[in-house]
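Working notes, beginning with the structure itself.
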Number of protein chains: 2
Amino acid sequence: MPVTGRRGASRPMRADAQRNREHLLAAAVAAFSGDGGTEVTLESIAKDAGVGIGTLYRHFPSREALVDAAYRSELARLCDSVPGLLSSMPADKAMRTWMDHFIEYMTTKRGMSDALRKVIASGGNPFAESRARLLAAFAALAEAGAADGTIRPDLDPADLLASVSGVSLAVGGPAQREQAGRLLDLLMDGLRYGAARDG
Amino acid sequence: MPVTGRRGASRPMRADAQRNREHLLAAAVAAFSGDGGTEVTLESIAKDAGVGIGTLYRHFPSREALVDAAYRSELARLCDSVPGLLSSMPADKAMRTWMDHFIEYMTTKRGMSDALRKVIASGGNPFAESRARLLAAFAALAEAGAADGTIRPDLDPADLLASVSGVSLAVGGPAQREQAGRLLDLLMDGLRYGAARDG
DNA sequence: GGATGATCCGGAGGAACCTCCGTTTCCTCA
DNA sequence: TGAGGAAACGGAGGTTCCTCCGGATCATCC
């Protein structure tokens, strides 16, 4: 698989295309990191990257695709923290801690968060590029919990991801961090071993 | 309090304003009910109502305010069903059943759902007008559960509302109804009496 | 090196949202 | 009744998102 660019097993990306893609990504990271809260227009990113708006949209068909790509590495770091957590605490605590980090990440990176909200709002598949990675993280946590007996064994990683995204969507932003914590507590209470009852 | 229009204890709404408001509401209900899935522009609603776009925005400052007003009566019906549920089954089952209805409502009324998603995406207070009513419904269910011992007594209605909205936001639409059910099951497992554990 | 076709660029422009403010309509009070 | 002012109207226009397609650029093959 080529290092950059989404294409099947066809030809590698043309040189100018790859160059523009990198410029766009750099401009996007800079723009989204800038102070963290301001509105960022895609046109301004395209201008910063020295390309036309059409080029931006060809490489990143939607706003969230761009944001996703821009934050990919950071999100990778988040996912990579799972083994460390699992090695230092019981799986249920690791799960809860990691969820906190996830929410922290989502609510802090307003650009990311807004993009996720929008993609979910439009019914698309959120985290298009990163979804698999997140699912793997949740799966690891769930498996560890099933193994050490702290978490019920019948959980679907996709449901966990949906639940935690739901929490991050439901709470308005960094302001309601407290409420997010309570919602995660609630969720965890339902995830622990023995929580299931006959309806 | 006057029957229509949001105003404090000041003067009643001017006759033309009230007329226009009613026309807008009628047009909105018709538009949002039309087949259920098509995109509806606010400008078309204004045109149907025979008013300018500026008038629409004065009466309903945002899209969700209009949708909220349009669906108010239906949502009232949903909330009014709580006592009936509580009188015919234990509180935890009533809670779960009502949540199902809520999700059903949210995912079916695409206009409503999209509007909610958008208002949440923009960080506003969702259900601005209906929020109190929904909170009351959740409070009634939670209290009944605390009383009959099926639901833990330490729940905040606002958290319940946030959780269930989160579920409705997290699942893409009517398609993932099944997943929504699983998420609600998870949530319920956390709500039942005895679910809380020391972290 | 040069032709040639596939690939990519870029910005004009359509669609929708929302704001702003000059104009019009309505209510009040004498 | 009618004058005066408060309240509401309405649509032009700014902003952003995203699409579309003629023109420019690159890779390949001779």
Side-chain angles (χ1 to χ4, degrees), chain A residues 2 4-25 27-28 31-32 38-68 110-111 114-119 121-124, chain B residues 2 4-25 27-28 31-32 38-67 111 114-124 128:
Chain A
T4 39
R6 295 279 81 61
R7 16 183 74 236
S10 67
R11 207 164 301 180
M13 193 178 277
R14 231 173 72 174
D16 54 346
Q18 174 137 350
R19 209 163 36 232
N20 281 333
R21 189 190 167 86
E22 278 158 17
H23 288 168
L24 280 167
L25 222 40
F32 290 135
T38 35
E39 296 276 312
V40 179
T41 69
L42 297 188
E43 323 238 348
S44 74
I45 292 179
K47 183 148 61 165
D48 288 354
V51 305
I53 185 66
T55 300
L56 186 151
Y57 273 96
R58 195 166 332 93
H59 284 290
F60 307 98
S62 60
R63 187 190 181 84
E64 77 275 3
L66 177 58
V67 180
D68 183 27
R110 282 291 277 159
D114 286 349
L116 169 70
R117 290 169 182 204
K118 268 180 192 144
V119 68
S122 68
Chain B
T4 39
R6 293 282 81 60
R7 15 183 76 236
S10 66
R11 209 161 299 179
M13 193 178 276
R14 230 172 72 173
D16 55 344
Q18 175 137 350
R19 209 163 38 232
N20 280 334
R21 190 190 165 86
E22 278 159 18
H23 288 168
L24 279 166
L25 223 37
F32 289 135
T38 35
E39 297 276 309
V40 179
T41 71
L42 297 188
E43 323 239 347
S44 73
I45 291 179
K47 182 148 63 166
D48 288 354
V51 306
I53 186 66
T55 299
L56 186 150
Y57 272 95
R58 195 164 332 93
H59 284 289
F60 306 99
S62 60
R63 187 190 182 88
E64 78 274 5
L66 177 58
V67 180
D114 286 349
L116 170 70
R117 289 169 182 206
K118 267 177 193 147
V119 68
I120 287 203
S122 67

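Protein chains get the first letters and strands the later ones, always in sequence-line order, with residue 1 at the start of each. Reckoned from all heavy atoms, side chains included, excluding hydrogens, waters and symmetry mates. The structure displayed is predicted, hence computed values, not measured ones.
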Interatomic spacing from [atom1] in [X] to [atom2] in [Y] - rounded to 0.5 Å:
X	Y	atom1	atom2	result
A:Leu24	A:Asp48	CG	CG	10.0 Å
A:Arg14	A:Asn20	CZ	CG	10.0 Å
B:Ile53	B:Arg58	CD1	CZ	11.0 Å
A:Tyr57	A:Arg63	OH	CZ	8.0 Å

Which residue lies more 5' along DNA chain C, comparing B:Pro61 with B:Ala15 via nearest heavy atoms:
B:Pro61

For B:Asp16 and for B:Arg58, find the nucleotide of DNA chain C with the closest heavy atom, then tell me which residue's nucleotide is more 5'.
B:Arg58

Phosphate-side-chain proximity, [X] and [N], N/O vs OP1/OP2 below 4.0 Å:
X	N	result
A:Thr55	C:dC8	no
A:His59	C:dC8	no
A:Asn20	C:dC8	no

Whole angstrom is fine here: how far is it from [atom1] in [X] over to [atom2] in [N]?
X	N	atom1	atom2	answer
A:Lys47	C:dG11	NZ	C1'	13 Å
A:Gln18	C:dC9	CD	P	11 Å
B:Phe60	C:dT19	CZ	C1'	18 Å
A:Leu66	D:dC17	CG	P	11 Å
B:Arg21	D:dC9	CZ	P	11 Å
A:Met13	C:dA6	CE	C1'	15 Å

Using distance alone, with no hydrogens and no angle criterion, decide if B:Thr41 and B:Glu43 have a side-chain donor and acceptor under 3.5 Å apart.
no

Nearest atoms (heavy-atom pairs only) where A:Ala27 meets A:Ile45:
CB-O, 3.8 Å

Protein heavy-atom contacts under 4.0 Å, written 5' to 3' over nucleotides 12-17 of chain C as B (base), S (sugar-phosphate only) or - (none), form the string B---SB

Counting side-chain heavy atoms from C-beta on, which of D:dC9, D:dC26, C:dC9 comes nearest to A:Arg19?
D:dC26

The nucleotide from D:dA6, D:dC9, C:dC8 with an atom nearest the side chain of B:Arg14 is D:dA6

In a check of side chain to side chain contact (heavy atoms under 4.5 Å, CB included) between A:Arg19 and each of A:Glu22, A:His23, A:Arg21, which one passes?
A:His23

